[in-house]
Amino acid sequence: MKQIKHIIFDADDTLWENNIYYLKAANDFYNLAEKQGVNRSQVEKAFDELEIKVVKELGYGSFNFIFILKELFKQFELSNKLNHKELNFIIDEFNSHKLKKPKLFEHVADLMRQLSDKYELYILTKGDQQEQESKIIKSGLVQFVVKYFILDEKDDAAYAKLLSAENWQSNETCMVGNSPKSDINPALRNNMYAIHIPYKNTWKVDIEPIINKNGKYKEINSFKYLKDIFLLD
Ligand SMILES: [Mg+2]
C-alpha cells in the first residue's frame, strides 16, 4: 500500500463510539413496552421495519431515531403518565451523549496525528449535517484532517463523485471503516483500497457481506494496526 496518498476515515463506530447509545435507548424502550405486556420481539420487529422506512424517507440521525421511538409508543398504545415520564427519561439520556465529546476508540488520536505527517487524511460520514459536524468538531480530530465530508448517503455514486471532485486516483486512496455497506463495498467497487475494522456494535442496517476479500481489501481488528500498514517501512 505504498502508493496510498489519501486515507479516508469513516467517523461513527470507526473513530468513536456511536451505535451503543442507540442500542441502549432501543433496549430501554423494549423493556418499557414489555413491562406493559407487549411482546418484546413484536416491538423489535416493528422497530426494524419502521427504521428502514424512516431512513429511506427522512435520512439518518438521532432526530429520526427519536421519531421512531415516539411513533412506536403511540402504535403500541403505551401512553399513560408513568410511561410518558419513562419515555422522556430514555430520550433525555440518549440525547445527553450528543452534548459530550465523542468517546474516541483507543489509539485513534495518537495514530491520526502520526498518520497526518505522512498522508492526507479525511473524514467521510453520513447523516444529519449539524449533528455529524458537531461530533467531528468536538472530537478534536479536525486538526489532523485536510477536510471532512458529510453526505446524505455513502453509496457507490457518492464515492465516485468524491474521487472525481477531489481528483483522487482510486489506487492512491484508501477507505477505513466499520461498515461493509457504507465504507467497504462502495470503496472496493470504486477500485479504492478498503480497510475494514469490524465492530461488534455496528448498526445492523450497515452490515452485509464484503464483496471481494482479495486484492485491495484488508481486515484488522483494532485501529492500532493501521500503524503496521501505513507507518512501518
Ligand atoms: Mg461507521
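Counting starts at 1 for both ligands and their atoms, following the listed order. In this text the structure is predicted, and so the values were computed from the model without any measurement.
Legend: residues meeting salt bridge (charged side-chain N to carboxylate O under 4.0 Å, His left out) with Glu219, ordered by chain and number and at least two apart, are absent.
Look at Lys147 and Glu120 and you find no salt bridge, because none of the NZ, NE, NH1 or NH2 atoms lies under 4.0 Å from a carboxylate O. The pair Asp206-Lys181 fails the salt-bridge criterion, with no side-chain N (NZ, NE, NH1 or NH2) lying under 4.0 Å from an Asp/Glu carboxylate O.
The stretch residues 191-204 participates, sequence neighbours left out, in these salt bridge (Lys or Arg N to Asp or Glu O under 4.0 Å) pairs: Asp48-Lys204.
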Donor-acceptor pairs under 3.5 angstrom involving side-chain atoms of residues 7-16: please list them, not counting sequence neighbours.
unit_1, atom_1, unit_2, atom_2, d
Asp10, OD1, Lys154, NZ, 2.9
Asp10, OD2, Thr14, OG1, 2.7
Asp12, OD1, Trp16, NE1, 2.9
Asp12, OD1, Lys135, NZ, 3.1
Asp12, OD2, Gln132, NE2, 3.2
Asp12, OD2, Lys135, NZ, 3.3
Asp13, OD1, Asn18, N, 2.9
Asp13, OD1, Asn19, N, 3.2
Asp13, OD2, Asn19, N, 3.2
Thr14, OG1, Asn178, N, 3.0
Thr14, OG1, Asn178, OD1, 3.1

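The tally of protein N/O/S atoms under 2.8 Å from the Mg ion (ligand 1) stands at 3.
Ring to ring, Phe65 and Phe94 are close: their centroids are under 6.0 angstrom apart.
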